[in-house]
Every structure is written in structure tokens, then in C-alpha cells.
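Worksheet: the structure to be examined is printed underneath.
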Amino acid sequence: MEDRTHAADVAAGETATVAGWVHEIRDLGGIAFLILRDRTGKLQIKFEKDEMDEALVETGLGVHRESVVTVTGAVEEEPRAPTGLEMVPDSLDVLADADPELPLDPSGKVDAELPTRLDNRTLDLRKPEVKAIFEIRSEILRSVREYFRSVGSTEINTPKIVATGTEGGTELFPITYFGQEAFMNQSPQLFKQLMIGSGLERVFEVGPIFRAEEHNTPRHLNEATMIDFESAFVDHHEAMDVCEGTLKAAYEGVAENCADELELLGYDDFAVPDDDFPRLTYEEAIERVNATGELDEQLVWGDDLSTEAEKALGVDVGGHYFVTDWPSEIKPFYIQDYDDDPQLSKGFDLMHPRMELVSGGQREHRYDELVAGFEQQGLDPEQFDYYTRMFKYGMPPHAGWAYGVERLVMTMLDLDNIREAVLFPRDRQRLSP
Ligand code: ATP
Ligand code: AMO
């Protein structure tokens, strides 16, 4: 519609054509209002029954809520209108009628439970505060891409149908691939590493990952989006620098470009983290968490950080922080160990006080050590030949990491459930829409 003006852009004294959804009809007797809603906001359309064409009044006030209409008319100043402007219609066309029985109320007057909202996501997203989450998610990805460009990183896309898994702790979704066993990929890990030996050197990917997590939690999905980064000729500390820069760039982008969305979500004090994120070693982290006295059972060296431990440490630190130098045995085979202490790895996690956001580390780039690492973790290096082989032909030292996008959105906006941060979540119960 070439001549369409958005609700937020109409000006008094002009004739305009607006298009959108019927948000509400308020009939006061002699006068009635149709509130039209589009992507940018709302506009009041005034119907003075005795002074206007009867057919126009009938169509305008007979239309069901959430129908799609286009209206042409003169825009006038009206201090009593919510936006200070209203339109007096010359014509109104119903482009798509809506059933009067709505499965949820997009005006937000009647609350709906999350499952109902997700079953009717199209209608749910008509609520400005729900739409705002996805505008912010889009801004996060835009600013992250811009940041990656500023650090000389090339965007790549790697296969999602693969022959092997990489992330030990989580199950794979099997599929059949022309009679052969195959899986949905859990992580771009091995492919992004293969790019380190290529001429690209420094790469990133934003893409889906699939994990057959059996459990149902507010912070796990079975299909999630990851932001992966991998760079040649850096160590794990330099990788953490980029990881921290990425998060700050995402917050800055949102602070700069999503003021309206933040306001809708009730943020008047949205803060971009500006301090350096503390880098605790794993040993310091468990000592610190034990000292809080919050755990029923003290952690001992070798334990993973439990959900309770992550929470207690989060409260104690009070902001984002890294945990570095993890015990080798709880980190994957591709993470490099310290030469002088093989029990200790160069893996790290970035934590938000509420949960883990990132895993990463310095990678094992030496062929013999890599193959030995497979064997130590009970994996068959033969199966990974497509990956290990390339380590024989000049693989530079490298490091990298991956963010879960939904967790980034969830922690940034303080959402209770990760499902709020994805349009069509996949969990144990939910396969459609
Ligand atoms: P990732 O799975 O990608 O590593 P994560 O935050 O789930 O990210 P995990 O290592 O799986 O990290 O788990 C972190 C901690 O959360 C572990 O101590 C684990 O016991 C705990 N945890 C994982 N899943 C659940 C769950 N469903 N309920 C309670 N605690 C859980
Ligand atoms: P990891 O398995 O820790 O590391 O995943 C990285 C980050 O992805 C997010 N994430 C998830 N988010 C929602 N639902 C899930 N089921 C889920 N699983 C993971 C988390 C997590 O911190 N290959 C390594 C990364 C690397 O070393 O570069 C990896 O996949 O935010």
C-alpha cells in the first residue's frame, strides 16, 4: 500500500490512509470511536453518527475487534484523544474480518496463561509488550553482528544435519538420512574449529542448535539459537575479552535503539554493564560459594556448579562474571588442558547472576593431544576423522565460545521463562506451532 501512513506518523491538517487492526470500538451513543492499531501505535477514528454517511458508520462500528481495516480521512487535533490526534473517516474498507471469538485478548485486558499465548503466538505478538521482546532480540542480533564485523570476524553457516555429537552432557535427536544414521546438530563446535585452519581465521555464526534435553526447566529449550565465535591466534583470555565486548555491544545497542520497547517493558533504569567482568578461577568460585553458607552440601574440587551454587555465587558477585580454569574432566574433549597441570583446563563460562550464558575455552589444536583427549573421554577418534584429520595440516592455536541467544534475552529483560524469548519454543510438550 503505497499511500499508507503509520499511526505514529499522521499529522493534523492532512488527509491520510492508515491500515491496521481494530483494537477497540467504544460506542458512546451519538459518537463512537474505533481505535486502530498498527506496528507503530494507535489512532482514534471518530464516528459522529448523525453527521456521517450511514453505510460508513455501519461498516466502521459493525466490524469485529482484531479485524484488519484501512481507513482514509482527515486528521485533526483533539486533546481528548489518547495521542492528541484523531481521524474523521471518509472511507473504511475491511480487508480481513476477525472471528468475534478470540482465543486470547490482544488488548491485554484479559490475561492468558503462557501455553494459550504460545498456541496463539500470532495474536499474542499483537500485544506491544510481547512484540517489544522480539524487537529487542532483533536489535541484540543486529548489534552483535556489527560488533563481530568491528573485530574482523566473518559470518558463516554450518550444517545442522550431522554425523556425530560434540557436547557430552546432552542427548542428540536422531534422524534418518537416506538410510544412514544422522543427527540434528547440538553445536557448530567442530565446524567452526575447522574454519580456524581455513583462510577465514576468525568466524561467527548465529544459528539453531538442537538438544534432546529430557528435562523441562524455565531455562532449557530443545531448539535454541546460539551465537558462536571462534578465532585463530588468540588464547582463552582474549576470547573472553571478545565475549565480554559482545555482551556489552548487545546491551549498548538495546539502550540506544530500543528506548520505546524498554519503556513498554517497564525499564526506567536499563543499565549497560560497564565494569570489567571479574574472572574467577573455578577454585576461587567454589571457595567463594562455600563461604556464602547457602549450600546444603559444600562443593568439592571436581564438582560442577549446581543450580543452587550458581544462584548463591550470582548473589555474592552481583553481576556478570567468568569462571575459568575448570577441572578437565567436566569440560569437553576439544578444550585444551594446561601443560603443567593436565587436571586443569582452559575452559571458561560466562555467568549472569541467574544462570550460565556462555561456555568457551582455548582449544586443543595439537593433533596428538586432541586424539588422546578423545580416548580419555571414551570417544572413538575414528568417528571424528573428518574433524581430526584437518589438525594434521596446519591448525593454529585458537579459542572461542558460544552464547545462548534466548538466555541473553531472558537475563537482559529479566524474563521468568526462556519460552518468552523465542517465537515458537520447542520443548518436550511443544512441537507446534
Ligand atoms: P549447558 O547445558 O549448555 O551446559 P546449563 O546452564 O544447562 O548449560 P549444565 O551444565 O547443563 O549447564 O547445568 C548447570 C547446572 O544446572 C548443573 O549443575 C545441573 O545440575 C543443573 N541443572 C541442569 N538441568 C537442570 C534441571 N532440569 N533442573 C535442575 N537443575 C538442573
Ligand atoms: P554449551 O553447551 O555450554 O557450549 O552451550 C553454550 C550456551 O548455549 C546455551 N544453551 C542453551 N540454551 C537454551 N536451551 C538449551 N538447551 C541450551 N543449551 C545450551 C547456554 C550455554 O551457555 N560448543 C560449546 C561452546 C564453545 O565452547 O564454543 C557449547 O555448545 O547459554
Side-chain angles (χ1 to χ4, degrees), residues 137 140 144 153 156 158 160 162 164-173 184-196 202-231 234-236 238-240 242-243 246-247 250 304-305 307 310 320-324 326 328 330-336 345-365 373 387 398-412 415 417-422 425-428 430:
R137 181 180 158 126
I140 290 173
V144 159
S153 179
I156 59 167
T158 61
K160 305 305 157 204
V162 296
T164 58
T166 50
E167 309 304 319
T170 175
E171 297 297 312
L172 288 154
F173 284 114
M184 302 300 290
N185 205 5
Q186 294 170 310
S187 154
Q189 184 64 37
L190 305 188
F191 298 100
K192 67 176 179 174
Q193 282 191 264
L194 289 176
M195 288 304 98
I196 292 308
R202 179 172 274 204
V203 296
F204 76 96
E205 173 164 10
V206 179
I209 56 110
F210 307 90
R211 297 189 174 193
E213 313 256 10
E214 286 288 335
H215 46 247
N216 214 340
T217 82
R219 63 187 171 88
H220 288 91
L221 293 164
N222 295 105
E223 177 176 348
T225 310
M226 266 195 206
I227 302 172
D228 272 84
F229 174 79
E230 201 69 26
S231 177
V234 299
D235 67 11
H236 52 304
E238 291 164 286
M240 280 186 261
V242 179
C243 182
T246 303
L247 184 130
D304 204 345
L305 293 182
T307 307
E310 286 179 3
H320 292 92
Y321 63 98
F322 288 100
V323 180
T324 67
W326 287 76
S328 308
I330 53 174
K331 283 289 168 192
F333 61 83
Y334 50 76
I335 301 281
Q336 193 172 66
S345 81
K346 298 181 191 173
F348 63 82
D349 284 357
L350 172 65
M351 307 295 301
H352 176 275
R354 286 177 69 193
M355 72 191 79
E356 177 197 308
L357 282 184
V358 172
S359 288
Q362 172 103 42
R363 318 304 189 180
E364 184 49 78
H365 66 283
Y387 163 74
H398 60 284
W401 44 258
Y403 272 94
V405 173
E406 291 79 13
R407 288 191 184 184
L408 181 54
V409 175
M410 180 186 180
T411 52
M412 182 186 280
L415 306 175
N417 194 315
I418 196 164
R419 290 162 184 78
E420 296 265 9
V422 54
R426 290 289 170 262
D427 62 28
R428 282 209 63 174
R430 189 168 286 279

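Both ligands and their constituent atoms are indexed starting at 1 by order of listing.
- Neither the backbone nor the side chain of I335 comes within 4.0 Å of ligand 2, counting heavy atoms alone.
- Panel note: side chain E406, backbone T225; a donor-acceptor pair is recorded below 3.5 Å.
- Residue F229 places no heavy atom under 4.0 Å from ligand 2.
- Of all non-hydrogen atoms in R363 and W401, the two that sit nearest each other are NH2-N, 3.4 Å.
- Of the charged side-chain nitrogens involved, at least one lies within less than 4.0 Å of a carboxylate oxygen, so that E205 and K160 count as a salt-bridged pair.
- Listed by number with element, the atoms of ligand 2 under 4.0 Å from a non-hydrogen atom of R363 are 26 (C), 27 (O), 28 (O).
- Taking both residues in full, the closest heavy atoms of K331 and S345 are given as CG-OG, 3.7 Å, listed atom of the first, atom of the second, then distance.
- Considering only residues two or more places apart in sequence or on other chains, M184 meets the side-chain contact (heavy atoms from CB on, under 4.5 Å) condition with F173, I175, F210.
- Contact record, A399 with Q362: CB-CA, 3.8 Å, taken as the closest heavy-atom pair.
- Only the side chain of K192 comes within 4.0 Å of ligand 2, judged by heavy-atom distances.
- Of all atoms in ligand 2, numbered sequentially from 1 with element shown, those under 4.0 Å from a heavy atom of R211 are 1 (P), 2 (O), 5 (O), 18 (N), 19 (C), 29 (C), 30 (O).
- Residue contacts with ligand 2 for S187 involve side-chain atoms from C-beta outward but no N, CA, C or O (heavy atoms, distance under 4.0 Å).
- Under 4.0 angstrom from ligand 2, the non-hydrogen atoms of V358 all belong to its backbone.
- The contact set between ligand 2 and L221, taken as ligand atoms under 4.0 Å from a residue heavy atom, comprises 13 (C), 14 (N), 15 (C), 16 (N).
- The two atoms that bring V234 and S231 nearest to each other are CG2-O, 3.4 Å, heavy atoms only.
- Using a non-hydrogen distance threshold of 4.0 Å, Q186 does not register as a contact of ligand 2.
- Near I418, the atoms of ligand 2 lying under 4.0 angstrom from a non-hydrogen atom of the residue are 13 (C).
- Not one N or O on the side chain of Y403 forms a donor-acceptor pair closer than 3.5 Å with the backbone of F229.
- Residue contacts with ligand 2: E223 is excluded, as none of its non-hydrogen atoms falls under 4.0 Å.
- Close approach of ligand 2 to E356 is summarised as follows: ligand atoms under 4.0 Å from at least one heavy atom of the residue are 3 (O), 21 (C), 22 (O), 31 (O).
- For the pair R211 and S187, the minimum side-chain heavy-atom distance is below 4.5 Å.
- A donor-acceptor distance shorter than 3.5 angstrom exists from the side chain of D427 to the backbone of R430, with no hydrogens or angles considered.
- Considering every non-hydrogen atom in both P218 and R419, the closest pair reads CA-NH1, 4.1 Å.
- Legend: residues meeting salt bridge (charged side-chain N to carboxylate O under 4.0 Å, His left out) with R426, ordered by chain and number and at least two apart, are absent.
- Atoms of ligand 2 lying under 4.0 Å from at least one heavy atom of G404, given by number and element, are 7 (C), 8 (O), 9 (C), 31 (O).
- The E213 neighbourhood of ligand 2 comprises atoms 16 (N), with distances under 4.0 Å to a heavy atom of that residue.
- Not a single heavy atom of L350 sits under 4.0 Å from any atom of ligand 2.
- At a 4.0 Å cut-off, at least one heavy atom of M226 sits close enough to ligand 2 to count as contact.
- Using a 4.0 angstrom heavy-atom cutoff, G361 does not count as in contact with ligand 2.
- Near H220, with a cut-off below 4.0 Å to any heavy atom, the atoms of ligand 2 are 14 (N), 16 (N).
- Taking 4.0 Å as the cut-off, R219 counts as a neighbour of ligand 2 on heavy-atom distance.
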